[in-house]
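Notes follow the structure.
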Amino acid sequence: MTERQKDRPWLMRTYAGHSTAEASNELYRRNLAKGQTGLSVAFDLPTQTGYDPDHILARGEVGRVGVPVSHLGDMRRLFQDIPLEQMNTSMTINATAMWLLALYQVVAEEQGADIRLLQGTTQNDIVKEYLSRGTHVFPPVPSLRLTTDMITYTVANIPKWNPINICSYHLQEAGATPVQEIAYAMSTAIAVLDAVRDSGQVPPEKFGDVVARISFFVNAGVRFVEEMCKMRAFGRIWEKITRERYGIENEKQRRFRYGVQVNSLGLTEAQPENNVQRIVLEMLAVTLSKDARARAVQLPAWNEALGLPRPWDQQWSLRIQQVLAHESDLLEYEDIFAGSHVIEAKVDALVEESFREIDRIQEMGGAMAAVESGYLKSQLVSSHAERRARIEAGQEKIIGVNCYESTEPSPLTADLDTAIMTVDPKNEAQVVSKLHAWRTERDEVRAQDALEALKRAAAGTENLMASTLECARAGVTTGEWAWALRDVFGEFRAPTGVSSAPVAVAAEEGSPLALVRDKVDATAAELGVGKLRFLVGKPGLDGHSNGAEQIAVRARDAGFEVVYQGIRLTPEQIVNAAVAEDVHAVGLSILSGSHAELVPDVLHRLRETGATDIPVIAGGIIPQSDAETLISAGVAAVFTPKDFGITEIIGRIVDEIRKANKLEPLKNLESTEVPA
C-alpha cells in the first residue's frame, strides 16, 4: 500500500492569559512545550477597554479573564524567552489593537527581530464589539480610522501580519443565525476594505496585498452539517466580493483564510462532561472538509461554563486537536464532501440568503450605518430571544439541560472549588503597585510629549501608528494612550437593541409567561404603582451583554418597565439609577468573575441610601461557593447558566419583590419559583 502524503495540520492554539504577565508567560512556555503551535493571547478587560488597573472601572477585573498589559514592561515580561520572530501570535484585542501591536513590535525589536518576519493576528474588528462583546471605546468613524491606519501600516512594514480578523465568532454567541453571521462579517469586511481603499494610503496596484492580509475568525456550533456548509459559503462569497467589488485577479490573494474558536454559547453548566463531545463535533465541522478547512483552531475547555479553566483543562482541549491531526487519517485525503448534492444545495441556499442580507445592509449605508441605527443589534437580540424560546419550549434539545436531565454524580465536578482556576484577589493590588512604580521610574517628560504628539496626530489626518509607537517606547500606559484618544474622538455607547426587539415568547392565556404577567400586574396593583420597574445593570467592564439583554426583553414582555442602560457602569451609577428611577428590583449580570467585588458594593450603596426594600438579583458565571457568599451578604437570588428558563427567572424576581415589600405570596397563581 502506497503511503499517502499528509497535509500540514492547522495551527493549534489555546486562548490563554491570566493574573500577571509573569504568570501568563509561564503558561505560554508550558503550552508550547506540550505541542501547541501558536499563541493566542487573552487580555484582561481593562487592557481591552483602555483603562489602567488603578481606574475605578477596573476594580475587580484586573487579570480576571486575561493578562493585564499596562505598558512596555508588561509586554516584555509576557514574551520573555519566547522568540517572537519564530512565533505565530494571535492577540484578541480590538479597541486598543493599535496600542498592543505597537508594544509587541517594540518588544520584538528589543529581541533583535526583523519586524518584517513577524507573523500573527490582531483581531481589530470593532463592529462586532458594538454588537456582541462590548469592549469598544471610540465611536464608529474614528474606530474605523484606527483600523485603517493599522492595516496600511502593517501591509507596508509587517507584511506577514494579519492586521484584522473579521470576527463573526461573537455574533453567533449573541444569537446570529448562519446567514446573519456570514452577512454581518462580510459587511464588516466591505466597510474596512472600502475605508482602506478610500484613505489613499495604499496605491491601487498594492490593494491586492491588503485583501490578502484580511483574515476571519468564525464560530462553529454543534449543528455539524450547517456549520460545515457555512464555511464553504463563506469562501464562495469572499471569492465573489474580492473579485467583483475590488477587482482582485490573483487567486491566492482572494483565498478565504480563517481561524476558529468553537462554540462557547452551547457549553453547559449542567452535566459539563457533555461539553467534550460538543467541542469535538464542532471541531470536525471546520477540519473534515479540506476545501473549507480552518487555518488555525482553538478549543474552549469543558468547564468554561463553570469558571476559568485550569492548565490541565486547556491541555485536554489541545490533545483533542492533536489526536485528530496526528492519529487519524483526516489529512491524507482530498475534500471528502466534494460532489455531495446535499452539501451543495445547502451551500447554495446560504450564499443566496447571505447576499440578500448583505445587499440590505449596503442599502442602509453599510455596516457602520447599520450599527449606529441599531438595526444589527436589534436583529441579534431578536434571533437570540427566539433561540432561547425554542430551548425553553423543548423544541431545541440541550442534553442534560432540557432533556435527559437525570445523571450520575460526576467525578469531574465532585469538588467544584478545585474544578476551575481562581485568580488570587491580592493579584490586583500587586499589579496596581507595579503600575505606580513604572510611572514613577519612567522619563515623564518624554511620556507627556508622546501623548501630546498622539493627540495632535489624532486631531489631524496622519497615520496614528508612528505616534503610537513613540508612546510605547516612551513608557506611556494603556489607559493614558486610550484617554488621549478619548479626548479627541470621544466615547461611544452602543445601542442595546432591547427596546426594538420583537416579542419572542407569546403570553397566550394559560402559558407560563401569561401567569408571570398576572403576577407582575397583581403585585403592581398591590403596591399602588402602574408598573413594576426593574433595573438590569452590568457593573464593571464585562461587555458580554447577551444574558442581560435576554432578561431585559423577557421582563419587558412580562409587563415590567425595564431600565437597561447598557454596559460598563460603576456600582455608584447603578445605585443612582435605581434610586432615581424608583425601581422595585435590581438585576446584576456579570460573566467576568468580578461579582465578588462589585455585587457587594452595589448592596452596600443601596443600604446607604436607605433603599433596603429593593432586592438585588445576581446572574452570570458564578461558582456555587461564591453564590452562597453572595446570598449570605444579602443578595436575594443567584442565577447561573443552569437556570435556562428565563420566564421562570422573571417569576422568581416578582416573588423576591413581594418578599422585600412584605406582601403575602400569591396563592391563586401557579408558582414559577426555581431554586437559587
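Bear in mind the structure is a predicted one, so any value in this text is a computation, not a measurement.
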Taking the inter-plane angle between the rings of [X] and [Y] on a 0 to 90° scale, is it parallel (under 30°), tilted (30 to 60°) or perpendicular (over 60°)?
| X | Y | answer |
| --- | --- | --- |
| Tyr184 | Tyr375 | perpendicular |
| Phe138 | Phe489 | perpendicular |
| Tyr130 | Phe492 | perpendicular |

With salt bridge (charged side-chain N to carboxylate O under 4.0 Å, His left out) as the test, would you mind laying out the steps for Glu344 and Arg236 before giving the verdict? CA-CA 12 Å; Glu344 284 305 310; Arg236 198 175 294 180; 3.2 Å; yes
Please check if atom [atom1] in [X] has more than 12 non-hydrogen atoms from other residues, nucleotides or ligands closer than 6.0 Å.
| X | atom1 | value |
| --- | --- | --- |
| Tyr404 | OH | no |
| Arg197 | CZ | yes |
| Lys206 | NZ | no |
| Glu334 | CD | no |
| Glu251 | CD | no |

Non-hydrogen side-chain atoms of [X] and [Y] separated by less than 4.5 Å:
| X | Y | result |
| --- | --- | --- |
| Phe43 | Val65 | no |
| Glu357 | Gln180 | no |
| Arg554 | Thr647 | yes |
| Thr122 | Asn94 | no |

Would Trp161 and Tyr153 count as a ring-ring contact (aromatic ring centres under 6.0 Å, His included) if you check the C-alpha gap in whole Å, the side-chain angles of each, and the deciding distance to 0.1 Å? CA-CA 10 Å; Trp161 194 266; Tyr153 174 82; over 10 Å; no
Is there a donor-acceptor pair under 3.5 Å between the side chain of [X] and the backbone N or O of [Y]?
| X | Y | answer |
| --- | --- | --- |
| Asn31 | Gln36 | no |
| Arg556 | Ile551 | no |
| Ser289 | Ala285 | no |

Using a strict 4.0 Å threshold on nitrogen-to-oxygen distance, state whether [X] and [Y] make a salt bridge.
| X | Y | result |
| --- | --- | --- |
| Lys230 | Glu226 | no |
| Lys6 | Asp329 | no |
| Lys377 | Glu549 | yes |
| Lys538 | Asp542 | yes |

Could you check Gln201 against Asp149 for side chain to side chain donor-acceptor pair (under 3.5 Å), going step by step and ending with a plain yes or no? CA-CA 8 Å; Gln201 296 187 62; Asp149 285 357; 3.0 Å; yes
Can Arg293 and Leu331 be said to form a side-chain contact (heavy atoms from CB on, under 4.5 Å), step by step? CA-CA 10 Å; Arg293 183 171 294 149; Leu331 297 176; 3.4 Å; yes
Is a donor from one side chain sitting under 3.5 angstrom from an acceptor on the other, for Gln362 and Asp359?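 No donor-acceptor contact under 3.5 Å links the two side chains.
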What I want to check is whether the side chains of Arg133 and Gln48 have a donor and an acceptor closer together than 3.5 Å.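 A donor-acceptor contact under 3.5 Å links the two side chains.
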How about Phe216 and Tyr258: are their ring centroids closer than 6.0 Å?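 No; Tyr258 has its ring centre 6.0 Å or more from that of Phe216.
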For a side-chain contact (heavy atoms from CB on, under 4.5 Å) check, start with the C-alpha distance between Glu173 and Ser132, then their side-chain angles and the critical distance, and finish with the verdict. CA-CA 8 Å; Glu173 298 288 297; Ser132 58; over 6 Å; no
